Amino acid sequence: MATMYEATATAWGGREGRVTSSDDRLDVSLSLPRGMGGDDGPGTNPEQMFAAGYAACFHSALKGVARMRKVDVSDSAVSVTVAVTGGMAEGIDLAVRIEAQLPGLEEPVARDLLDAAHQVCPYSRATRGNVVQELVLVSDED
């Protein structure tokens with residue numbers, strides 16, 4: 001299979017260090033969240049970066065599916081929440097909650113688009129079976 005694109009990032013210092021991409025477009029300081037025993041410093045963390053990447057990727061997949069089906073999702077939004085679960089004794093895992101808001105669409109149409117995007121999004125495909133995934137359609141009233 002041909003590679004469409006690849007990205008490389010390097011970390012120094014783990015969760016309390018720094019990470020950069022090979023093209024220098026990404027250069028961020030990392031801080032350990034208080035909930036994980038850290039000082040909750042000013043840096044980001046791997047879970048925030050993963051959530052951001054997943055949200056952008058999933059939204060692109062959603063827009064692609066909608067475009068193929070000729071459905072307007074121009075006012076849509078996707079939020080991803082990444083949770084760190086478990087502990088050192090039993091093992092640490094991730095759980096993901098994907099929330100999509102698709103204003104103006106009937107619920108069955110919106111749900112169908114959401115499910116289809118979940119099937120084609122590379123993040124969803126890569127984590128399926130490894131990470132608990134919750135897919136939520138947020139209504140206009142929420």
Side-chain angles (χ1 to χ4, degrees), residues 1-88 90-140 142:
M1 190 177 299
T3 300
M4 294 173 63
Y5 172 76
E6 63 183 22
T8 302
T10 303
W12 297 269
R15 289 180 167 274
E16 298 176 285
R18 180 174 154 241
V19 109
T20 65
S21 61
S22 58
D23 62 5
D24 294 322
R25 291 181 184 184
L26 178 73
D27 187 344
V28 295
S29 296
L30 302 172
S31 296
L32 190 60
R34 184 167 283 115
M36 296 178 74
D39 65 0
D40 213 24
T44 188
N45 61 64
E47 291 72 34
Q48 288 175 329
M49 291 189 291
F50 184 66
Y54 203 152
C57 187
F58 194 93
H59 200 202
S60 289
L62 179 68
K63 289 171 59 177
V65 169
R67 186 172 42 255
M68 288 183 346
R69 297 180 183 187
K70 298 183 180 3
V71 176
D72 181 14
V73 294
S74 56
D75 293 330
S76 62
V78 173
S79 298
V80 172
T81 302
V82 175
V84 178
T85 63
M88 293 303 286
E90 67 272 24
I92 298 173
D93 291 305
L94 296 177
V96 172
R97 179 180 170 95
I98 304 162
E99 295 181 349
Q101 187 171 13
L102 300 163
L105 295 183
E106 297 292 324
E107 192 274 335
V109 172
R111 171 61 58 191
D112 187 50
L113 287 174
L114 191 58
D115 291 340
H118 194 46
Q119 293 305 309
V120 299
C121 171
Y123 276 66
S124 292
R125 291 171 52 86
T127 58
R128 189 169 291 121
N130 300 316
V131 172
V132 173
Q133 300 171 330
E134 181 182 7
L135 198 55
V136 178
L137 177 61
V138 179
S139 71
D140 290 341
D142 292 338

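Being a predicted model, the structure only gives us computed values, none of them experimental.
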Student: Where do Ala61 and Val120 come nearest, in terms of heavy atoms and distance?
Tutor: CB-CG2, 3.9 Å

Student: State, without any angle test, whether Gln133 and Thr127 hold a side-chain donor-acceptor pair at a distance under 3.5 Å.
Tutor: yes

Student: side-chain contact (heavy atoms from CB on, under 4.5 Å) for Met49 and Val28? Distances and angles first, verdict last.
Tutor: CA-CA 10 Å; Met49 291 189 291; Val28 295; 3.9 Å; yes

Student: So, applying side chain to side chain contact (heavy atoms under 4.5 Å, CB included) with Leu102, which one of Asp75, Leu137, Val78 is it?
Tutor: Leu137

Student: Is the shortest heavy-atom distance from the side chain of Cys57 to the side chain of Pro122 under 4.5 Å?
Tutor: yes

Student: In sequence, state the C-alpha distance, the side-chain angles, and the governing distance for Asp115 and Gln119, and then conclude on side-chain contact (heavy atoms from CB on, under 4.5 Å).
Tutor: CA-CA 7 Å; Asp115 291 340; Gln119 293 305 309; 5.9 Å; no

Student: Let me confirm one number: the CG-CD distance from Leu114 to Glu99, rounded to the nearest 0.5 Å.
Tutor: 10.5 Å

Student: Can you tell me if Arg69 has over 12 outside heavy atoms packed within less than 6.0 Å of its CZ?
Tutor: yes

Student: Are side-chain heavy atoms of Val84 and Leu94 found at a separation under 4.5 Å?
Tutor: yes

Student: On a heavy-atom basis, which atom in Ser31 and which in Gly43 lie closest, and how many Å separate them?
Tutor: OG-N, 2.8 Å

Student: Among Leu30, Thr10, Asp27, which residue satisfies the side chain to side chain contact (heavy atoms under 4.5 Å, CB included) criterion with Arg18?
Tutor: Asp27

Student: Identify the two heavy atoms, one from Leu32 and one from Gly37, that lie closest to each other, and give their separation to 0.1 Å.
Tutor: CD2-C, 4.1 Å

Student: Going from OG on Ser76 to CG on Leu113, what distance comes out if it is rounded to the nearest 0.5 angstrom?
Tutor: 9.5 Å

Student: Between Pro46 and Arg15, which heavy-atom pair has the shortest distance, and what is it?
Tutor: CD-NH1, 3.5 Å

Student: Show, in sequence, the C-alpha distance, side-chain angles and deciding distance for Cys121 and Ile98, and conclude whether the side-chain contact (heavy atoms from CB on, under 4.5 Å) test is met.
Tutor: CA-CA 12 Å; Cys121 171; Ile98 304 162; over 6 Å; no

Student: For Ala77 and His59, work out which heavy atoms get closest and say how close.
Tutor: N-NE2, 4.0 Å

Student: Evaluate Leu105 against Val71 for side-chain contact (heavy atoms from CB on, under 4.5 Å), listing each step before the verdict.
Tutor: CA-CA 9 Å; Leu105 295 183; Val71 176; 3.7 Å; yes

Student: Side chain of Ser21, backbone of Arg25: donor and acceptor closer than 3.5 Å?
Tutor: yes

Student: Evaluate the ring planes of Tyr54 and Phe58, with Trp represented by its six-membered ring, and classify them as parallel (under 30°), tilted (30 to 60°) or perpendicular (over 60°).
Tutor: tilted

Student: Please round to the nearest 0.5 Å and tell me the distance separating atom CZ of Arg67 and atom CG of Leu62.
Tutor: 10.5 Å

Student: Is the shortest side-chain heavy-atom distance between Glu107 and Ser139 below 4.5 Å?
Tutor: no

Student: What closest approach, in Å, do Val80 and Ala51 show between heavy atoms, and which atom pair accounts for it?
Tutor: O-CB, 3.5 Å

